[in-house]
Protein chains: 2
Amino acid sequence: MVTIKDVAKRAGVSTSTVSRALSGNIPVSEETKKKVMKAVKELNYQPNVLAKGLKLGRSKTLGLLIPNVRDLVFPAAIRGIEDTANKYGYTVVLCNTDEDIEREKIYINSLRRRLIDGFIISTARPGHKHLLELNNEGFPMVFLIRRIKGNFDAVTADNFQGAYDATKYLLSRGLKNIALVNGSLDILLYRERFKGYKKALEEANIPLNNDIVIHNVYGWEDGYKAMATLLEQKLKVDAVFATSDPKAIGVIRAIKDYGLSVPDDISVMGFDDLDVVGLLDPPLTTVSQPFYNMGVAACEMLIRIIEAKRRPKPMIKTLPCKLNIRSSVR
Amino acid sequence: MVTIKDVAKRAGVSTSTVSRALSGNIPVSEETKKKVMKAVKELNYQPNVLAKGLKLGRSKTLGLLIPNVRDLVFPAAIRGIEDTANKYGYTVVLCNTDEDIEREKIYINSLRRRLIDGFIISTARPGHKHLLELNNEGFPMVFLIRRIKGNFDAVTADNFQGAYDATKYLLSRGLKNIALVNGSLDILLYRERFKGYKKALEEANIPLNNDIVIHNVYGWEDGYKAMATLLEQKLKVDAVFATSDPKAIGVIRAIKDYGLSVPDDISVMGFDDLDVVGLLDPPLTTVSQPFYNMGVAACEMLIRIIEAKRRPKPMIKTLPCKLNIRSSVR
DNA sequence: AACGATTGTGCAAACGATTGCATTACACAA
DNA sequence: TTGTGTAATGCAATCGTTTGCACAATCGTT
């Protein structure tokens, strides 16, 4: 490997001068700068990131904590993060926590030994004390997609508005008995979506019917069960708003299995707009979250925090969702 | 941060002793070892990976080169890699190349500045000269999923056997006119799958009908077009073997759009068994690739290469595929 | 003409680990 | 007693950077 010493020798200057010429922080005469650049080119010098990191105490590395890459919500966001990190010369390390706090702690620890510069966290749940501690230390971190209440940096979708728009749209299609198949209210974003749903009903003067709202639904299997329950009870339902696409997939399968048709008998609205849902039968009408852009925004925010001299005030960036109308709503 | 010096001071020994006690490579008396361990515990000492990496010239970091995380083939493999790397104390850096050689070269370069220990490569295509160079240097690398001809370390599925079994199965269901919707023959794995298909037909004494084999199909849109062409030509087809699930998805949509039914009119067989294809309508019968285990195997192979004193002989590990029978074949 | 500012450069000390070599202490044999 | 061997430890150099400090040269001011 060619080091800064080789460059210095070739350019006939000291290593300090090379370092300064390269960083540009400290003035170096035009002439020597030219000599240095020439030597750098000729030798194809590439600074050793580890050495630099050791000296500076930072590694130009970012940690990304997610529950599981296989969850289809994440790949697009990861891509946004990765592209952005790369643009600014950072490298990103992916960590799958499986929603396991111990695993998460171990990851955080082992990355800190590598002098990681900051974290993007998509695993937030209430009661993650270790994250609060990290934040109190002033360690750079931003929440992505999921966040927790409080004064933290975060990038999320506008979950309230997305749910509100979706419900409004269902209402505008003449659908009145809109069931809600929702996730756990422990998670902030499901609370927000619930609020959006309620607000839209309220504005339409439709009372909330608790018989047809189901919470704590996770994944398509649960979605299937929730819908099956609804159908068994013979409740009047002409549309279902499932607050994530996997739930919607389960809901659709249940409706089909009960011999009914989507959207002729029951309309279904999803939330997320995962890459695959346009390929379903019928193609799913759903609220589109800008995952890629959320990844970009989170990464830029984190890098800004890392590179600032003083920690900027925490801010929550909320990106708008938009309806992606396909064919699962009549 | 607590350093090895702090530990040394607390234990009343030199840093060298601490280092030796910790690594275990060089004998240290039981008594001092105990003292050192005690100090380590009390101070919660975590060695600085960058410093160690700088000194040793290795970083305990692995690079993973894939075309795109959003391609559903990869998440499961990534997960396998990640879990394994983690188990051995390695960290993995994800790189999306978008099949762009320049991007790939830049990534490889920038990771080498970080003293990366090795690469897992899923982007192989013929004519990737820079990969050959890397290999000639003796740099640790293993191909995953895709590989190129030659004497390289690699982990792949048994593409020949998978395609052979799939075709056999279609034949066993009484399907005779089996169209093939295949990828580019530039890519080794599609050549293998083509061979498996031909072998099965041959054994059943069915001559290869080139009118119903289509190559160079990429993604679901192309799959749709390929199937549409077949249907337009009114060729006799009672089954389609699509050599990747996205192609199969396109094929199914085309069949439906032409007013026919899967599997009643035409059966469809896929290849990959992506996480979502069980949720399609009809659930896809497909050849299941053990992506997770392939990731695990590739990562273990790479780590073995990295940690060996002498580079072991290149080996190609081929994992079996198995048929996942659902409902798209009658 | 003398003096302080300013600018450009080099020396050498860090960053936190590992390791070859030297040193010490001790046991044992001659 | 002396010498040799062995085991345990410490010293100091090293990995490739950055940067505080010192110094030299140049310039403008009084």
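Note that the structure is predicted; figures quoted are calculated from it, not measured. Scope of the values below: all heavy atoms of this structure, side chains included, with no hydrogens, waters or symmetry mates. Lettering follows sequence order; numbering is per chain, from 1.
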Please state how far atom [atom1] in [X] lies from atom [atom2] in [N], giving the value in whole angstrom units.
| X | N | atom1 | atom2 | answer |
| --- | --- | --- | --- | --- |
| A:L115 | D:dT17 | CG | P | 17 Å |
| B:N48 | C:dA14 | CG | P | 18 Å |
| A:I4 | D:dC15 | CD1 | C1' | 14 Å |
| B:R58 | C:dT19 | CZ | P | 11 Å |
| B:K5 | D:dC11 | NZ | P | 13 Å |

With a distance cut-off below 6.0 Å to the six-membered ring centre and an angular limit of 45° from the axis, does A:R112 pair with A:F139 as a cation-pi contact?
-> yes
Toss me the dot-bracket line for DNA chain D: Watson-Crick and G-U wobble, both under 3.5 Å, 5' to 3', using | for pairs to another strand and [ ] for crossers.
-> ||||||||||||||||||||||||||||||
Looking at side-chain heavy atoms only, is the closest gap between [X] and [Y] below 4.5 Å?
| X | Y | result |
| --- | --- | --- |
| A:L64 | A:V93 | no |
| A:L65 | A:I120 | no |
| A:K52 | A:K55 | no |
| A:I4 | A:S19 | yes |

Under 3.5 Å between N/O atoms: give me all the protein pairs with nucleotides 21-26 of chain D, atom names plus distance.
none

Excluding sequence neighbours, so at least two apart, what forms side-chain contact (heavy atoms from CB on, under 4.5 Å) with A:R70?
-> A:N68, B:P75, B:A76, B:R79, B:D275, B:Y292
Sequence neighbours excluded, the answer for side-chain contact (heavy atoms from CB on, under 4.5 Å) partners of B:A154 is B:F143, B:R147, B:I316
Which of residues 21-34 of chain A sit near DNA chain C, with a heavy atom under 4.0 Å from it?
-> A:P27, A:V28, A:S29, A:T32
DNA chain C contacts made by residues 49-57 of chain A, counting heavy atoms under 4.0 Å = A:L54, A:K55
Establish, from distance only, whether the side-chain atoms of [X] and [Y] form a donor-acceptor pair under 3.5 Å.
| X | Y | answer |
| --- | --- | --- |
| B:E104 | B:T123 | yes |
| B:R146 | B:T156 | no |
| A:T61 | B:R114 | yes |

Between A:K5 and A:K9, does a side-chain contact (heavy atoms from CB on, under 4.5 Å) hold up when you go through it step by step?
-> CA-CA 6 Å; A:K5 275 191 199 151; A:K9 197 177 291 169; over 6 Å; no
Does a side-chain N-to-carboxylate-O contact under 4.0 Å join A:K317 and A:D158?
-> no
Side-chain N,O ([X]) to OP1/OP2 ([N]) below 4.0 Å:
| X | N | value |
| --- | --- | --- |
| A:T3 | D:dG16 | no |
| A:S16 | C:dT9 | no |
| B:T17 | D:dG10 | yes |

Go through the steps to decide whether B:L132 and B:N135 satisfy the test side-chain contact (heavy atoms from CB on, under 4.5 Å), and finish with yes or no.
-> CA-CA 5 Å; B:L132 305 188; B:N135 192 68; 5.6 Å; no
Pair B:K313-B:D153, salt bridge (Lys or Arg N to Asp or Glu O under 4.0 Å): steps then yes or no | CA-CA 8 Å; B:K313 264 217 210 58; B:D153 290 285; over 6 Å; no
Minimum-distance nucleotide to A:S19 side chain [options: C:dG10, D:dT19, C:dA17] | D:dT19
